[in-house]
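A note on names: the letters A, B, ... follow the listed sequences, proteins ahead of strands, and every chain is numbered from 1.
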Amino acid sequence: MPSGGAGMPAGKTGNHFRVSPTCRSESTNMANKVRVRIAPSPTGNLHVGNARTALYNYLFARQQGGTFILRIDDTDAKRSTEKDIDGVLVSFRWLGLEWDEGFAAGGDYGPYRQSQRRDLYDGHVQQLLAQGQAYRCWCTPAELDDMRKAAQKQRRPFRYPQTCLHLSAAERAAKERSGDPFVVRFLSPSESTVDFTDLVRGDLSVEASELDDLVIVKADGMPTYNFASVVDDSHMDITHVIRGADHLYNTHRQIPIARALGFSLPAYAHLPLLTNPDRSKLGKRSGAVLVGDYASQGYLPEAVVNFLAFLGWNPGTTQEVFSLAELIEAFSLERVNRANAVFELQKLVWLNGVYIRGLPVAELADRCIPFLADAGLVDPADIDRDYLNGAVELEQERLKNLAEAPEALDFFYAEDVTPEARLLVAKKQTPADSLRALEQTLARLRGLDSWELATIEACLRGLAADLGWKAGQLFMPIRVAVTGKTATPPLFETMVALGRERSLSRMSKAIDAFTGAVAELA
RNA sequence: GCCCCCAUCGUCUAGUGGACUAGGACACAGGCCUUUCAAGCCUGAAACGUGGGUUCGAUUCCCGCUGGGGGCGCCA
C-alpha cells in the first residue's frame, strides 16, 4: 500500500462534522501543525495563476511554521510525462518556492504522485461501494453526451438520471458478467444542503440536489480528480486547502465524499481568480501566462513573486515592495480579497525595475550574462568582468528587464558603432562647425594624460566654454560619435567605462565618416 | 439555461456606520533636476454600478436590479 505509513490518525473520525449549516472552520483540527499542498497536474509548465496559488500556500505554510507539500495530480494518464513534471518544478524553483515534502523531496506520506497511489484509492472505492454510497455505472460517454444534449435542448440542467443505480438485480448481474467497461459513481448526499465556511468567503451553501452522482473512478480504473484529492488530502493530513475560486463548486462535491469516507475536513480558502483585461478567466490564450515566459522576458523572480502576492492580497499598509521573507511575515489569509484581479503587467514592469536597481552590480551582471550570450555579445566562458560590471552599472537604472540588456549594452561590445552623420551635427550649429568641434574634442582628448571622469569632464566643459557652446550642444555629437546612440548613460562615465582606446578610435572613425558627409548635410 | 460567487480611480487596492473634501501604488499628464535617456522629487487628473430600505447618519448593514466571473466532463 503506497501510503501505508500515513495511516489514518486517531481523531480523524469525522464525528464532529455534521451536514448542518453550522459546520464551521473549528471543525478542522487546529492543534495539528499546518500542512498545505500545491497539487499541479503535469502540464509542462506553470501557469501564473497556479504560481500565485502556490505562493499563497507557501507563504501560509512558512508563516505558520507548517509544511509546504508538492503533490503531482496526474490521474489523467493522457498527459503525464517526466518531462512535463520537470517543467513545472523548474518554475517553482525559479520562483524560489522550495517545498519541504513531496515529489522529488520525499517525506512520510508518499508516494507523491497520484498515479502511484492506485491501491489507496481502490480501497476507499471498495469502502464506498460496500457502504452503498457508490455504484457502478455502465452508461457510455456517448450515451451521456446524448443525454446532455437533450437536456440542453430542453433548456434543463443536466443531472445524471441514476440509470445504473436503479438497475434491477438481474440487469446488474448481466452488466457485470458482460465485462463491459464501467465507471464508479458517488451517490450524491441525501442531506438538503452542503455547507462549509471558507476562510476567505465565509459561509457557503449549495443545495444537495444540485450535486449529481459524479464519477469517482474512470473506465480505465483511475480515480477522478475530485476523488483522489479528497483521499490524498486526508491521508496526507492536509490542514488547509488553499486553491483558486474555480474550485469552489468542487469543494461542495468533495465534502460529501470526505464525510462518506469518515474523513475530517481540512479548512478551505478559495482565492480570487486572475483574469484577462476583459475580466475573463486567465487562460492559455491570454498572452504570456506561463512563469517561464516571464523568466525569458527578463523578469526577476523576486519581482514576479512580489507582483503575484499583491494580486488578491495586500498587507494593509502602504508598503509595495516585499521580499519573500517580508511576505512570509506579512501574509495572512484574512486579508485575501474576494473579487477577481485583472492580471495587468504595468506594475510588474515597475517592480522589476525596482528590483533591478536594488541588485548589487555584479549580481545584476551575472543575471544579464545569459541574455548577452544569447545575443552573441559575450562568450560566457571568457568575460572581462570588470568591463562588464562597469557597463552594467551604467545601465542599471535604465533597465526595465534583463532582456533589454543586449540592446542597452551593445555599444560596449560592438566593433563599430557607425553613427548617422546627421546625428553628429550639434544643435543649432552647422555641420561644418560641428565637425570642427569634434576634431578639437579628439585633439584635446588625445592630449589628456589620464583617462578619468574628472579629467574628461574638465576637458570637455572647457572646450564647450572656449567654443562658446552650451555643454549639451557639444556633448551630444560626442555621445553619438562614441556610442552611435542619442540615448545613453552620462557621457563621461560612458567614456571611462569604454576606455580610452575604444573612445578615441570611435571618435576618429566618426570624424572620418562625417568629413565625407558634411557637404551633403550643409 | 441552472447553481454558486463577486462589485471603490484605467489597473492592483485601503476602507469595516460618522475621523471620507474616499487614502496609497502603478500607469497617465504637467513641472523640477539635468550633457541625452533613465532614475529621483513635486503637482495634477482619475472611483464608491443602480434602485430601495435600516439608521440621526451609509463606500461600509439588508433586499432587488444591473453588470462581471466561475462551475455544470470518464480534465485537473
Side-chain angles (χ1 to χ4, degrees), chain A residues 39-43 50 73-76 78-79 114 137 139-141 144-145 148 151-159 181-185 198 201 204-207 209-212 214-226 228-229 244-250 252-253 270 272-273 275 277-281 307 310-321 335 337-351 353 357 394-400 408 457 460-461 464 470-476 478-480 483 485-492 494:
Chain A
S41 52
T43 51
N50 290 136
D73 279 11
D74 59 346
T75 52
D76 185 359
K78 288 191 285 292
R79 38 169 159 152
Q114 292 190 323
C137 170
C139 297
T140 66
L144 290 166
D145 204 43
R148 257 181 219 109
Q152 196 170 30
K153 213 167 184 178
Q154 295 169 59
R155 301 165 77 199
R156 295 174 51 98
F158 173 75
R159 227 155 272 140
F182 61 88
V183 301
V184 179
R185 285 181 184 274
D198 187 87
R201 282 150 203 270
L204 265 15
S205 179
V206 159
E207 298 287 325
S209 59
E210 294 297 327
L211 280 6
D212 65 350
L214 85 150
V215 172
I216 56 174
V217 179
K218 307 180 228 179
D220 65 2
M222 284 298 279
T224 56
Y225 164 78
N226 276 307
S229 278
D246 50 342
H247 283 285
L248 228 24
Y249 211 71
N250 284 332
H252 289 281
R253 297 201 284 200
H270 288 89
L273 261 23
T275 77
D278 71 356
R279 300 271 173 191
S280 61
K281 187 181 176 183
F307 174 66
F310 272 68
L311 254 25
W313 170 87
N314 77 85
T317 66
T318 58
Q319 184 180 345
E320 302 275 342
V321 180
R335 292 198 65 85
N337 279 111
R338 283 175 291 279
N340 292 170
V342 175
F343 188 73
E344 276 279 0
L345 263 31
Q346 33 190 38
K347 207 161 194 170
L348 171 61
V349 170
W350 166 72
L351 269 173
R357 277 171 246 133
L394 291 181
E395 291 293 352
Q396 181 163 30
E397 66 184 25
R398 269 155 273 264
L399 246 32
K400 289 201 297 292
E457 175 159 11
L460 297 185
R461 284 196 192 281
K470 285 185 176 175
Q473 284 181 291
L474 176 63
F475 296 172
M476 183 54 84
I478 301 174
R479 177 194 320 285
V480 172
T483 68
K485 304 179 175 189
T486 55
T488 74
L491 182 58
F492 319 130
T494 301

Expected string for nucleotides 59-70 of chain B under the B/S/- scheme (protein heavy atoms, under 4.0 Å, primed atoms plus P, OP1, OP2 as sugar-phosphate) is ---------SSS

Using a cut-off of strictly less than 4.0 Å, decide whether Lys153(A) has a side-chain nitrogen or oxygen near OP1 or OP2 of rG1(B).
no

Non-hydrogen side-chain atoms of Pro272(A) and Arg201(A) separated by less than 4.5 Å
yes

Side chain to side chain donor-acceptor pair (under 3.5 Å) against Thr486(A), all qualifying residues, sequence neighbours excluded:
none

Pairing partner of rC26(B), by Watson-Crick or G-U wobble and under 3.5 Å for both distances, is rG10(B)

Give a yes/no on whether any side-chain N or O of Thr224(A) is located under 4.0 angstrom from OP1 or OP2 of rG73(B).
no

Taking atom P in both rG23(B) and rU43(B), compute the distance separating them and give it to the nearest angstrom.
14 Å

With a 3.5 Å limit on both atom pairs, tell me what rG17(B) is paired to, counting Watson-Crick and G-U wobble, or say none.
none

Go through the structure and list residues passing side chain to side chain donor-acceptor pair (under 3.5 Å) with Asp246(A), not counting sequence neighbours.
Lys281(A)

Closer than 3.5 angstrom, by distance alone: can the side chain of Arg253(A) be matched with the main-chain N or O of Leu211(A) as a donor-acceptor pair?
no

Is Lys218(A) near enough to rA76(B) that one of its side-chain N or O atoms lies under 4.0 angstrom from OP1 or OP2?
yes

Show the atom names and distances, to 0.1 Å, of all donor-acceptor pairs under 3.5 Å that link a side chain in residues 312-320 of chain A to residues at least two apart or in another chain.
| from | atom 1 | to | atom 2 | distance (Å) |
| --- | --- | --- | --- | --- |
| Trp313(A) | NE1 | Ser332(A) | O | 3.4 |
| Asn314(A) | OD1 | Gly316(A) | N | 2.7 |
| Asn314(A) | OD1 | Arg335(A) | NH2 | 3.1 |
| Thr317(A) | OG1 | Gln319(A) | N | 3.3 |
| Gln319(A) | NE2 | Val321(A) | O | 2.8 |
| Glu320(A) | OE1 | Lys347(A) | NZ | 3.4 |

What nucleic acid atoms does Val342(A) come within less than 4.0 Å of, heavy atoms only: base, sugar-phosphate, or nothing?
sugar-phosphate

Applying a 3.5 Å limit to both distances, which nucleotide forms a Watson-Crick or G-U wobble pair with rG57(B)?
none

Partners meeting side chain to side chain contact (heavy atoms under 4.5 Å, CB included) with Lys470(A) (sequence neighbours left out)
Gln473(A)

In whole Å, what separates the C1' atom of rA25(B) from that of rU34(B)?
27 Å

Would you say the side chain of Asn250(A) and the base of rA76(B) hold a donor-acceptor pair, judged only by whether the two atoms sit under 3.5 Å apart?
yes

Arg398(A) side chain to Leu394(A) main-chain N or O, any donor-acceptor pair under 3.5 Å?
yes

Closest approach to the side chain of Val206(A), judged atom by atom: which nucleotide of rA25(B), rC4(B), rC12(B) is it?
rC4(B)

By the Watson-Crick or G-U definition, both distances under 3.5 Å, rC2(B) is matched with rG71(B)

Polar atoms only, N or O, under 3.5 Å: list the protein pairs with nucleotides 39-42 of chain B and their distances.
| from | atom 1 | to | atom 2 | distance (Å) |
| --- | --- | --- | --- | --- |
| rA39(B) | O3' | Arg357(A) | NH1 | 3.4 |
| rG40(B) | OP1 | Arg357(A) | NH1 | 3.4 |

If only side-chain N and O atoms count, and only distance matters, is there a donor-acceptor pair under 3.5 Å linking Asn226(A) with Thr224(A)?
no

Between C1' on rU36(B) and CD on Glu395(A), what's the gap in Å once rounded to a whole number?
12 Å

For the residue pair His247(A) and Tyr225(A), categorise the inter-ring angle as parallel (less than 30°), tilted (30 to 60°) or perpendicular (more than 60°).
tilted

For Gly353(A), which contact category applies under a 4.0 Å heavy-atom criterion: base, sugar-phosphate, or nothing?
nothing

Length of the CZ-C1' vector between Phe158(A) and rG71(B), whole Å:
15 Å

Spacing of Leu345(A) atom CG relative to rA27(B) atom P, expressed in whole Å
12 Å

Checking all strands, does Ala219(A) fall into the base, sugar-phosphate, or nothing category for heavy-atom contacts under 4.0 angstrom?
base

Heavy-atom distance under 4.5 Å between the side chains of Thr43(A) and Asn50(A), does that happen here?
no

Which base sits across from rU36(B) as a Watson-Crick or G-U pair, both distances under 3.5 Å?
none

